[in-house]
Protein chains: 2
Amino acid sequence: MTRVTIKDVARIAGVSPSAVSRVFTDGASASEATREKVLAAARDLGYRPSLLARGLVGTRTNLVTLVMGRMNDPFDALFLDELAEALAARGTRLMLASAGRDAPGDSGLLQALDYKSDAVIVAAGTMSPEHAGLCVRAGLPVILSGRVLDAPGVDSVLADNVGGGRQAADLLIRTGCRRLAYLGRGGATFSDRERYEGFSATAANAGRAVATTAVTDRDHNAVFQAATDLLAGPAPPDGLFASTDSMAVAAVEAARAVGLSVPGDIAIVGFNNVPMAARRSYRLTTIDYPISAVVSGIMDLLDSRLADPDRPSEIRRIPTRLVVRETTREKAPAQERLP
Amino acid sequence: MTRVTIKDVARIAGVSPSAVSRVFTDGASASEATREKVLAAARDLGYRPSLLARGLVGTRTNLVTLVMGRMNDPFDALFLDELAEALAARGTRLMLASAGRDAPGDSGLLQALDYKSDAVIVAAGTMSPEHAGLCVRAGLPVILSGRVLDAPGVDSVLADNVGGGRQAADLLIRTGCRRLAYLGRGGATFSDRERYEGFSATAANAGRAVATTAVTDRDHNAVFQAATDLLAGPAPPDGLFASTDSMAVAAVEAARAVGLSVPGDIAIVGFNNVPMAARRSYRLTTIDYPISAVVSGIMDLLDSRLADPDRPSEIRRIPTRLVVRETTREKAPAQERLP
DNA sequence: CTGAAAGCGCTTACAG
DNA sequence: CTGAAAGCGCTTACAG
């Protein structure tokens, strides 16, 4: 119940609290004799510096706040896992600011201030430039993951969604698909908009139109239903790109349900490359989201921003990689190659 | 850069810092006039009480630390999501203590002390009774999720794994399976051991032996391979229970790969009831893990323990629910019913 | 109801 | 290298 403090250690070691503090501070000046006495006393007493007190007085807390929404896609856990790992390796603590129902991004941002986080990583919700600016002005670095915001001092790192959409379109077109479709969130998220942009622009260049289907509900039954509606029509698409693997997989199931062969009748491409996409039941062709590189980028920007709070904001776009599996064709059907 | 403190608010409002503190403390005594002046000043200044300072001096921090391992199963994200939501609704902050590679549970436990968490929830790693006792003695309540530990003051809440294993065995036996198998982690986790225990004991009661296959690698290819080996033999099992849905799904894929029909040749039951289990491609029969009830239980125990630190430890086992889908048969084949 | 004082556990200049 | 002092931003008794 009664905590071991720096004073206790000082008393047992026969030195001043300042000396103890120095021993526990990297690059401090303490004689070897002092260091030994302090360390021994600390060990005997089971002393751990209070991060509360340290954070209150010091300039750095080694605490980062992550603003996340509901984790309703397998991708979310992959990202969080990798980020937590990277932060832990760096000795940084992670506080989770769950998106409240009202203003996910914004309220989480403010929460980061309460514990004097070194930075806030925003991976969910919409960010108002005002709140972001408020944080930056309060000395709290804001790093956006998966979206960009044009505000001074706000850094971003994200997958090259536009490029990913282009890779999907290129593959589909190259392998002879003529009636393209996009299954997404109807522009509800930043990633969804960018992926659609890359896909549709590339399709347009090749003279192909894109039918779009928007799904608001992330529940897989709803997505399955929407995909079924899309595919059950008279002239169903023969090439479909989905905003996420979860949706793509629902589309694969919908195709099978309506008797369309994949990739014979319809080729399907997802995005993220979650483990499920690789399973035998799907073998989904997809665009790999470079999670590790994105997380490394976040760590880099964190270091840079901490080292120089006034540096201009930076946006890092990490290239995606096409992973061809079995829901797309190898090449265009024979007749496609004729003029 | 320069933080708005309680003094700033006090000055602007023309009152003492103590008065400001009271206004921001529930159930404090402040006149309506004071309250209004303070709130107005706080709003104008954008004041937010420092949780660092508050935690340092106060008795409660409203902070809880969660010790988790790598999130390599879809279930982990479901649990974390629900827990984060429940904590947020309660106004409690969540700190993530990622399992380091060395001593997952233990080091996370200690981390909880550094920020004076109100409690630590342990959902991963093995817990030594010594460290748990150390925390309890230090006044840090320990709540175990998904495992139990016989230590005074340590509470637990978990799914009734044994009962779940029994439900699986009952179903398999009732529907005529004769050669039972268990696909699990070889006793590597608490849950795995309990699920196997319930399954094998029930099977033994019915006079059935259980072939077991242990998988150490959580990668789905490794599980698929192990399941394939199990099913490709001369007398493959006709009823299989897997420790998790992820494994069960790999088993379904293995069965299909070796030409066994599911549930015709082999019935398969999973555990957890993750969204993937419900997908068209699997329609997996499984044991539902009562996440909401487990999380509610954790919240309950948290409240109780905080209200009375000295109460005896409590273990809550939440019943599981059998979810019958299409990887198991409706009833025993005809010949099974003859003597 | 209200304010002055003390203190939470630490670190940071400042002398020595 | 080392210790005494001041202070981080708050809350908690204590008087009034």
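Side-chain atoms are counted along with the backbone in the values below, which use heavy atoms only and exclude waters and symmetry mates. Protein chains get the first letters and strands the later ones, always in sequence-line order, with residue 1 at the start of each.
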- Message: For DNA chain D, report each stem as range with range, ordered by first number, or say none. Use Watson-Crick or G-U wobble pairs under 3.5 Å, at least 3 in a row.
- Response: C:1-3 with D:14-16, C:5-12 with D:5-12, C:14-16 with D:1-3
- Non-neighbouring partners of A:Arg54 that pass salt bridge (Lys or Arg N to Asp or Glu O under 4.0 Å), sequence neighbours left out: none
- In chain order, what residues pass the side-chain hydrogen bond (donor to acceptor under 3.5 Å, both in side chains) check against B:Arg22, with sequence neighbours excluded? none
- Note on the structure: Applying side-chain hydrogen bond (donor to acceptor under 3.5 Å, both in side chains) to A:Asp81 and not counting sequence neighbours gives B:Arg70
Please tabulate, for the side chains in residues 6-15 of chain A, all donor-acceptor contacts under 3.5 angstrom to protein atoms that are two or more places apart in sequence or on a different chain.
unit_1 : atom_1 : unit_2  : atom_2 : d
A:Asp8 : OD1    : A:Arg11 : NH2    : 2.8
A:Asp8 : OD2    : A:Thr5  : N      : 2.8

- Task: Taking ring-ring contact (aromatic ring centres under 6.0 Å, His included) as the test, write out the residues that go with B:Phe79, two or more places apart.
- Result: none
- Task: Determine the contact category for B:Thr5: base if any of its heavy atoms lies under 4.0 Å from a base atom, sugar-phosphate if only primed atoms, P, OP1 or OP2 are that close, otherwise nothing.
- Result: sugar-phosphate
- Message: Of all nucleotides in DNA chain C that come within under 4.0 Å of a heavy atom of chain A, which is furthest toward the 5' end and which toward the 3' end?
- Response: C:dG9 to C:dA13
- Query: Can you name the residues that form a side-chain hydrogen bond (donor to acceptor under 3.5 Å, both in side chains) with A:Arg185, not counting sequence neighbours?
  - Reply: none
- Pairs where residues 30-41 of chain B contributes a residue and the test side-chain hydrogen bond (donor to acceptor under 3.5 Å, both in side chains) is met, not counting sequence neighbours: B:Ser31-B:Thr34
Can I get a per-line list of side-chain donor-acceptor pairs under 3.5 Å for residues 298-306 of chain B, giving both atom names and the distance, sequence neighbours left out?
unit_1   : atom_1 : unit_2   : atom_2 : d
B:Asp300 : OD2    : B:Arg316 : NH2    : 2.6
B:Asp303 : OD1    : B:Arg90  : NE     : 3.3
B:Asp303 : OD1    : B:Arg90  : NH2    : 2.4
B:Ser304 : OG     : B:Asp300 : O      : 2.9
B:Arg305 : NE     : B:Asp155 : OD2    : 3.0
B:Arg305 : NH1    : B:Pro309 : O      : 2.9
B:Arg305 : NH1    : B:Arg311 : O      : 2.7
B:Arg305 : NH2    : B:Asp155 : OD1    : 2.9
B:Arg305 : NH2    : B:Asp155 : OD2    : 3.2
B:Arg305 : NH2    : B:Arg311 : O      : 3.3
B:Arg305 : NH2    : B:Pro312 : O      : 3.4

- Item | All ring-ring contact (aromatic ring centres under 6.0 Å, His included) counterparts of B:Tyr47, not counting sequence neighbours | B:Phe24
- Task: Within residues 29-47 of chain A, find the residues that approach DNA chain C with a heavy atom at under 4.0 Å, and present them sorted by residue number.
- Result: A:Tyr47
